[in-house]
Each structure stands twice: as C-alpha cells, then as structure tokens.
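As structure tokens, the structure follows; a few thoughts come after it.
Residue numbers run from 1 in the order of the sequence given.
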Amino acid sequence: MKLWIVTGAIVKYESLVEMTKQGEELLKKMDVSVEVYRRFDISYTLDGNGSRKLFANGKEVSAPDRLFFYGAYDAYLQGIEDTLTAMGTVSINPIEKKRIAGSKLQTAQLLTNAKVPTIKTMPIYRGTPVEQIREQVGIPCVIKPDGGFGGKGVELIHDEEELKKYLAEIPENYVDMLLAQPYISTSKGRDVRVVMAGGKPYTAVIRQAGNPDEFRSNVHQGGSFEEYELTDEMRDIAEKATKAIGLTICGLDLLFGEDGFLVGEINDSPGMKQLVEKVGLSKLYQSMMG
C-alpha cells in the first residue's frame, strides 16, 4: 500500500522525511511505501470527461491508497484532496474534519450532540446584550475568536463594564465569529493535552502558564508542559470526543472543571515529535493506514 504525507507551509517538511527514514525497516515489514510532499510538489489536471491526471514533482504518478495531511490546510490542499479521493484515495484526517476542529463553535455543536462534557459556548456579536451574556455564560468570562490557535485573540473579561467596553469596540462591519465562554477558575493557567491516534489516547501532558497571572496555558504564550497520567475519565471523554469530530489523529485539550474534565479545544495536528515518541511509529502508521 502507498501512503502520501502532505504538509502545508507551516510544518517542517524535513521532520516528516526524517520520520519516514526512521521507519524504513518497519514500513517494509508492513508492506507500506511512504512518500512525503510539500503542497506545491503536487499538481493535477481535470477535464470535462471526468478524467484526472496526477503529478508529483513534475512526473505523472498513480494515486496513493492513503493520504494524510499534516499541519495547515488551504484551498490548494483541498483541491489535492478532492482530486485524490475522486481517484480512490482514502483521506486520513479529512480537511472537512480538520475544518470542524478549527472552529470552536462547530466543535462545541458536535460535542454537545454527542453529550461529551465540554465548556459552555455562546456566539456573540457587537449588539449582544450584556445581561444575556451574564445570565447564560457568567462574568468573568472568556471571549475568543472562533478560529485561531496558540491563545491569540483570547481575552479574559473581568466585569460588566469591561464587557460593555469590549462589545462597543467591535467594529460595526466585523463579520468573524466571536464566542463567549465561562471562565473556568479551577483550570486557570493549566490544561491537559491528550494525544490521540486511531481514536485511542496514548499520552497526556499538563500545560502550565509561565506567568502566575496568565490564564492561558498555551506553550505559544510562554507556558511549559510535563507528563500527566491518563485516567479512565480522561480516556472516556477523549475517545467520545474524537469519535464525534471524526479525526483519526489529533490532540485534545481538557480543562479542569469543578466536577470533572471539560473539552476545551481539539488540535488536528499535534506535534509530530510527540506522536512518534509516545504513540510509536508502528501504531502511528497503522492508524494512518486504517
């Protein structure tokens, strides 16, 4: 079987190539060939007769059996996925599922449908009544963009006056989604990242803010992390959440709620180094091959 790993611009191509080299002997035993590409290494043609031609580094090639996108996605990668799936390729972590994971609101919708413990979420806009946010979400609260990562654009609102000021400063023509969520004081500056592969949890790390006044635990915001023991509660929540979203490989962020863990966010591309070390190349490739 043939597996393609395709990366967007943000992810280091070399680290994926190195991972493939590390697993050469294993892949031979599994009878799997792996090819790693940057997005612009691949091109294709379409015509009105329903036929397609696929090219990798300028040479015509056959479609792989499996496709795994790692990292950022865009319209070009969407086109590659559409072409390959039409040619019979199975996409692992399809862009549709990555897009859902990238939307905090869509994630909350699916987790709510599946009755997975998750943080309460309310979409808001410039004219949302402060009283409604106070009654439904509570104050203090956290306001964040629907997309984004690394804690960018996330604001902690301490009181009603601060909330009024925040809403008033939203431009009238602002069209991006904003969300209000309760401030989980029991999880201030910390959460647990659970790494999933093949729908199973393999490892967990607790992420801790570097500044005691910081409520965001993201490593991008200067936080640190260390190993954390997986519990049955964490495993159950992680497995249900991953099934609800439909991702094969992902990272799940759990908050420390007053009555147990709550799903905060889902990351469709957890660190590859951590995946290799904690999941293991054999199980990682097995999860990619299905």
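A salt bridge links Glu161 to Lys164: at least one charged side-chain nitrogen sits closer than 4.0 Å to a carboxylate oxygen. Salt bridge Glu239/Arg235: absent, no basic N to carboxylate O contact under 4.0 Å. By the 4.0 Å N-to-carboxylate-O rule, Glu233 lies too far from Lys240 to be salt-bridged with it.
Between Lys97 and Asp268 there is no side-chain heavy-atom pair separated by less than 4.5 Å. Using a 4.5 Å heavy-atom cutoff, the side chains of Asn57 and Tyr37 are in contact. Residues Lys98 and Glu81 are not in side-chain contact: their nearest non-hydrogen atoms beyond the backbone lie 4.5 Å or more apart.
The two residues Ser269 and Asn267 have their closest heavy-atom pair at N-OD1, 2.8 Å.
Cation-pi geometry between Arg190 and Phe256 is met: under 6.0 angstrom from the ring centre, within 45 degrees of the axis.
Lys53 NZ to Leu46 CG: the interatomic distance, rounded to the nearest 0.5 Å, is 12.5 Å. Atom CE in Met19 sits 3.5 Å away from atom CD1 in Ile5 (nearest 0.5 Å).
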Test log, rule side-chain hydrogen bond (donor to acceptor under 3.5 Å, both in side chains), inputs Gln109 and Asn113: CA-CA 6 Å; Gln109 292 276 17; Asn113 291 345; 5.5 Å; no

Verdict with supporting geometry, Tyr44 and Phe55, ring pair (Phe, Tyr, Trp, His ring centres under 6.0 Å): CA-CA 6 Å; Tyr44 53 89; Phe55 304 88; 9.2 Å; no

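For the residue pair Ser51 and Asp47, a side-chain donor N or O sits within less than 3.5 Å of a side-chain acceptor on the partner.
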